[in-house]
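Note sheet for the following structure.
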Amino acid sequence: MKKYKGSALVYVIVALVFATILGVSIATMTQNNILQARHQKENREGYYLARSGAELMYEHLKSNNLMSGFINSNTISGAEFTDYEFSEEMSGKVDVAVSAVQVAGGSLNKIVTIESKAKLDNTPNEELLKLRFELVISQEGSNASTRKIDSIKDFKWLRQ
């Protein structure tokens, strides 16, 4: 019996080491999951903040009949805003700019890009989202003043 004296202490120490390793592993995994969930939440909020900015600009262009300015130009006034704050619930700022380019091949159509950049408060992340669509422009006669927007097509959201 003297031969096994103190063996219980070794078993207890080994059990404590395993319990400590298991506890530290669980705590580390829990902390990593919490950080990952916070990061996903910030990304989702940034995405929706940027999307809201782009949609707000699109509605602004439509409701104020500003899209017709793109018929003869690639830039128009009133097609940008900076440091826009939506509400206290979405704590961040949005910068939105609009540009247009002529479709290649002699077409009168324009590709309009609304670029919305969202920056959440207290995070280093910025979310950049673009809404791209094509203005279908027609012309009756040879006079440039007879151009008009027939339709809007090919909406595409681009996330970068």
Side-chain angles (χ1 to χ4, degrees), residues 1-67 69-70 73-104 109-136 149 151-160:
M1 196 67 160
K2 288 187 178 192
K3 190 172 164 185
Y4 299 107
K5 192 174 184 182
S7 64
L9 180 60
V10 172
Y11 291 133
V12 169
I13 290 173
V14 169
L16 284 175
V17 167
F18 281 133
T20 302
I21 290 172
L22 182 64
V24 169
S25 298
I26 291 171
T28 302
M29 289 187 330
T30 302
Q31 183 180 12
N32 287 339
N33 285 341
I34 290 170
L35 291 174
Q36 182 181 14
R38 183 179 303 141
H39 183 70
Q40 287 175 344
K41 178 180 178 268
E42 290 169 357
N43 283 346
R44 189 174 55 249
E45 285 178 354
Y47 169 81
Y48 284 114
L49 193 61
R51 185 168 177 133
S52 297
E55 289 176 354
L56 182 69
M57 178 57 75
Y58 176 76
E59 288 301 321
H60 173 70
L61 293 173
K62 249 176 69 175
S63 64
N64 294 312
N65 200 24
L66 295 175
M67 286 206 209
F70 287 122
S73 177
N74 288 340
T75 59
I76 58 173
S77 63
E80 65 179 51
F81 57 82
T82 58
D83 290 340
Y84 186 86
E85 293 186 49
F86 282 91
S87 68
E88 292 180 12
E89 293 172 10
M90 293 185 99
S91 58
K93 298 190 189 257
V94 180
D95 297 331
V96 180
V98 180
S99 62
V101 294
Q102 192 82 31
V103 173
N109 296 355
K110 300 277 179 112
I111 300 291
V112 178
T113 303
I114 300 174
E115 185 175 292
S116 181
K117 188 186 317 180
K119 170 77 170 77
L120 293 173
D121 294 340
N122 304 322
T123 65
N125 301 345
E126 280 188 348
E127 185 73 32
L128 179 62
L129 192 63
K130 294 180 182 181
L131 172 59
R132 187 171 288 160
F133 55 91
E134 183 175 346
L135 292 177
V136 179
I149 297 173
S151 62
I152 300 171
K153 66 177 189 175
D154 295 336
F155 279 89
K156 293 180 186 163
W157 285 100
L158 306 167
R159 189 174 185 184
Q160 299 183 350

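Keep in mind that what you see is a predicted model, and the values were worked out from it rather than measured. Quick note: residue numbers are just sequence positions, from 1. Note that these values count all heavy atoms, side chains included, but never hydrogens, waters or copies made by symmetry.
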Check: Any Lys/Arg nitrogen of R159 or E127 sitting under 4.0 Å from an Asp/Glu carboxylate oxygen of the other?
Finding: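 Looking at R159 and E127, the cut-off is met.
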With rounding to the nearest 0.5 angstrom, report the [atom1] to [atom2] distance, [X] to [Y].
{"X": "Q40", "Y": "N33", "atom1": "CD", "atom2": "CG", "answer": "9.5 Å"}
{"X": "R38", "Y": "T123", "atom1": "CZ", "atom2": "OG1", "answer": "11.5 Å"}
{"X": "T30", "Y": "L35", "atom1": "OG1", "atom2": "CG", "answer": "11.0 Å"}
{"X": "I114", "Y": "R132", "atom1": "CD1", "atom2": "CZ", "answer": "11.5 Å"}
{"X": "D121", "Y": "E45", "atom1": "CG", "atom2": "CD", "answer": "10.5 Å"}
{"X": "K117", "Y": "K130", "atom1": "NZ", "atom2": "NZ", "answer": "10.0 Å"}

So which atom in [X] and which in [Y] form the shortest heavy-atom distance, rounded to 0.1 Å?
{"X": "K110", "Y": "A100", "value": "CB-CB, 4.4 Å"}
{"X": "M67", "Y": "L135", "value": "SD-CD2, 3.7 Å"}
{"X": "L61", "Y": "A79", "value": "CD2-CB, 4.3 Å"}
{"X": "N109", "Y": "V136", "value": "OD1-CA, 3.4 Å"}
{"X": "V94", "Y": "S116", "value": "CG1-OG, 3.3 Å"}
{"X": "K119", "Y": "L49", "value": "O-CD2, 4.5 Å"}

Item checked: N/O donor-acceptor pair under 3.5 Å between S73 side chain and G69 backbone ->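 No, because the side chain of S73 does not come within donor-acceptor range (under 3.5 Å) of the backbone of G69.
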For the [atom1] atom on [X], are there more than 12 heavy atoms of other groups (residues, nucleotides or ligands in this structure) within a distance under 6.0 Å?
{"X": "D154", "atom1": "CG", "value": "yes"}
{"X": "F155", "atom1": "CZ", "value": "yes"}
{"X": "E80", "atom1": "CD", "value": "no"}

Next item on the list: Go through the steps to decide whether L120 and N125 satisfy the test side-chain contact (heavy atoms from CB on, under 4.5 Å), and finish with yes or no.
Entry: CA-CA 7 Å; L120 293 173; N125 301 345; over 6 Å; no
